[in-house]
Amino acid sequence: MEVTRQRIGPLLVGRRIRSVATTRPSYLFLTRPSALRRGLLGRTVRGLERRGKYLVAPLDDGARLVLHLGMTGQLFSGEATSPRLLSAQGRSSQAERAARRSRAEFIEPQAERAARRSRAEFIEPAQRRFRPDSHTHLRLGFEDGGPEVFLRDVRKFGKVLLLRSGESHPRLDLLGVDALELSGPALFAASRGRRAAVKAVLLDQGVATGIGNIYADEALFRAGVRPTRRAGALTRRECAALAEAVRAVMHRSIETGGSSIRDYVAPDGADGAYQDERRVYGRAGAECLACGARIRRVLVAQRGTHFCPTCQR
DNA sequence: ATTCCAACCTGATAGC
DNA sequence: TGCTATCAGGTTGGAA
């Protein structure tokens with residue numbers, strides 16, 4: 001979300017909204033689309049802040065546009081280009097691609113295939129332009145006629161709401177300290193008396209906000225702490241190491257542009273690279289890069305949880 | 001006062 | 001080919 005904030009900021013801040021298109025009312029819209037359109041039309045965006053995984057955009061009338069991307073949300077420029085922004089209809093499935101490939105290899109002479117490839121490379125850029133689909137829930141156009149801004153979210157676990165001037169919202173008010181500033185003592189204090197697994201505490205946005213499933217697993221690995229450990233049993237020393245690991249992992253992910261594993265793209269369409277630095281998340285059955293043991297996957301707090309049984313105690 | 005768990009959605013993939 | 005089951009960067013509200 002921090003990478004998204006940094007890169008979508010210039011496409012929002014200082015621009016006056018001329019058009020607002022939305023999909024039909026749904027779980028995603030905490031503010032009804034009709035009210036959202038009324039509240040946004042003609043407004044100028046004054047800034048863009050992040051509160052944990054939420055983005056908050058103050059408007060020139062004192063209202064605030066609040067966005068959360070949930071699991072599959074994508075916030076991006078109309079000029080962005082990426083296969084991750086295409087819906088299934090606009091993209092060939094893996095089965096189709098495989099079928100086409102094997103057909104092609106069977107009947108097509110190599111020279112012909114090369115010619116087709118160069119034709120495709122010549123034509124493709126024009127065809128790749130993003131076209132709003134049924135998952136594109138918000139589309140903002142601006143007075144300056146520049147690039148639009150899109151919010152797309154396949155699963156609709158994201159959130160869009162408009163807070164009127166001075167209005168607050170419990171979802172924002174209950175957030176803890178930002179993960180980038182989580183301190184050992186704060187984590188230690190928050191863990192006291194909690195019987196839940198330490199991973200559940202890391203994911204609790206009221207303790208620290210911004211830590212998601214990938215980063216919880218990666219931080220626990222770095223700190224050498226097993227995710228299933230009872231939070232209340234962690235020592236000050238372990239909390240210090242874990243808080244440090246959280247900060248390090250989050251900073252590194254921001255540096256590398258985030259984790260593009262399945263849906264995430266930056267607002268400019270670029271993939272992040274943090275997925276290449278994962279040591280445990282999504283590596284169940286593979287060898288631990290530190291000790292060679294098999295990475296294990298278990299459920300903790302109903303979330304897939306990955307750890308090294310020898311490095312993490 | 002916590003912790004658990006189903007629910008909110010859709011799509012990709014693995015296995016039979 | 002198709003069908004079923006499982007999994008997925010999150011959060012919430014109410015039951016246990």
Side-chain angles (χ1 to χ4, degrees), chain A residues 1-4 23-30 51-55 66-75 83-99 133-137 152-161 169-176 179 190-219 228 230-232 249-250 253-254 256-266 271-275 277-278 280-285 297-306:
Chain A
M1 286 312 299
E2 177 58 21
V3 174
T4 297
T23 49
R24 307 201 53 89
S26 74
Y27 186 76
L28 175 94
F29 291 108
L30 295 185
R51 288 279 286 130
K53 303 176 190 175
Y54 289 87
L55 290 184
V66 180
L67 304 175
H68 192 291
L69 297 185
M71 300 263 272
T72 53
Q74 301 169 315
L75 185 63
R84 296 185 200 275
L85 298 175
L86 301 179
S87 62
Q89 297 86 43
R91 184 176 51 191
S92 48
S93 70
Q94 191 179 346
E96 281 169 332
R97 280 198 304 274
D133 60 359
S134 63
H135 304 305
T136 307
H137 300 292
R152 184 169 182 269
D153 186 353
V154 169
R155 287 178 78 182
K156 289 187 274 193
F157 286 178
K159 293 283 169 276
V160 178
L161 74 145
H169 193 93
R171 287 181 153 101
L172 291 179
D173 294 340
L174 297 175
L175 298 176
S191 305
R192 291 315 88 187
R194 293 193 62 159
R195 305 185 55 81
V198 58
K199 172 159 171 180
V201 171
L202 288 183
L203 291 177
D204 182 342
Q205 303 294 299
V207 172
T209 182
I211 307 172
N213 204 32
I214 297 174
Y215 303 118
D217 283 4
E218 294 299 317
T228 49
R230 196 162 69 83
V249 163
M250 304 292 282
S253 183
I254 292 167
T256 56
S259 301
S260 293
I261 292 171
R262 147 179 234 106
D263 300 300
Y264 175 72
V265 272
D271 276 3
Y274 193 78
Q275 67 279 8
E277 306 201 4
R278 288 173 293 161
V280 287
Y281 182 86
R283 298 193 65 245
R297 178 185 185 279
V298 296
L299 275 188
V300 175
Q302 293 77 238
R303 308 297 302 279
T305 297
H306 313 74

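Order of the sequence lines sets the chain letters (A, B, ...), proteins ahead of strands, with each chain counted from 1.
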Separation of dG10(C) P from L202(A) CG (nearest whole Å):
12 Å
Side chains of V160(A) and D153(A) in contact at under 4.5 Å (non-hydrogen atoms)
no
Taking 4.0 Å as the cut-off, does a side-chain nitrogen or oxygen of K53(A) come that near to OP1 or OP2 on dT11(C)?
yes
Run the side-chain contact (heavy atoms from CB on, under 4.5 Å) test against K199(A) and tell me which residues pass, sequence neighbours left out.
L203(A), N213(A), A216(A), D217(A), L220(A), P227(A), V300(A), R303(A), T305(A)
To the nearest Å, give me how far apart CE (M71(A)) and P (dA12(B)) are.
15 Å
Are T4(A) and Y264(A) side-chain neighbours, meaning at least one heavy-atom pair lies under 4.5 Å?
yes
Pairing annotation in dot-bracket form, given for DNA chain B with Watson-Crick or G-U pairs under 3.5 Å and | for cross-strand partners:
.|||||||.|||||||
Rounded to the Å, how far apart are L30(A) CG and dC8(B) C1'?
12 Å
Is_stacked (F157(A), dC8(B)) at 5.5 Å, 30 deg
yes
Using 30° and 60° as the class limits, which term best fits the ring planes of H137(A) and F29(A): parallel, tilted or perpendicular?
perpendicular
I want to check a possible cation-pi pair here: K159(A) against Y27(A), using under 6.0 Å from ring centre and within 45° of the ring axis as the test.
yes
Check whether any side-chain N or O of H135(A) sits under 4.0 Å from OP1 or OP2 of dC9(B), and answer yes or no.
no
Nearest-Å distance for atom pair CG/P, residues L299(A) and dC7(C)
7 Å
Pick base, sugar-phosphate or nothing for D263(A), based on heavy-atom distances below 4.0 Å to the nucleic acid.
base
For R262(A) and dT10(B), is the shortest distance between a side-chain N/O and OP1 or OP2 below 4.0 Å?
no
When rounded to whole Å, the OH to C1' distance for the pair Y27(A) and dT11(C) reads 7 Å
Please classify the nucleic acid contact of R297(A) as base, sugar-phosphate, or nothing, using heavy-atom distances under 4.0 Å.
sugar-phosphate
Taking atom types as they are modelled, would you say the side chain of R155(A) forms a donor-acceptor pair with the base of dA8(C) within the 3.5 Å cutoff?
yes
Report the C-alpha separation of Y215(A) and S259(A) in whole Å, then their side-chain angles, then the decisive distance to 0.1 Å, and conclude whether the side chain to side chain donor-acceptor pair (under 3.5 Å) test is met.
CA-CA 10 Å; Y215(A) 303 118; S259(A) 301; 2.7 Å; yes
Just so I know, are the side chains of Q275(A) and I214(A) near enough to count as touching, which here means a heavy-atom distance under 4.5 Å?
no
Can you measure H68(A) atom NE2 to dT12(C) atom C1' for me and round it to whole angstrom units?
11 Å
d(CZ, R303(A); P, dT6(C)) in whole Å:
18 Å
Output a table of nitrogen or oxygen pairs between the protein and nucleotides 1-4 of chain B separated by less than 3.5 Å.
| unit_1 | atom_1 | unit_2 | atom_2 | d |
| --- | --- | --- | --- | --- |
| dT3(B) | OP1 | R195(A) | N | 2.8 |
| dT3(B) | OP1 | A196(A) | N | 2.7 |
| dT3(B) | OP2 | R194(A) | NE | 3.2 |
| dT3(B) | OP2 | R194(A) | NH2 | 3.1 |

L175(A) CG to dG10(C) P, straight-line distance once rounded to whole Å
14 Å
Side chains of V265(A) and D271(A), heavy atoms from C-beta outward: is any pair under 4.5 Å?
yes
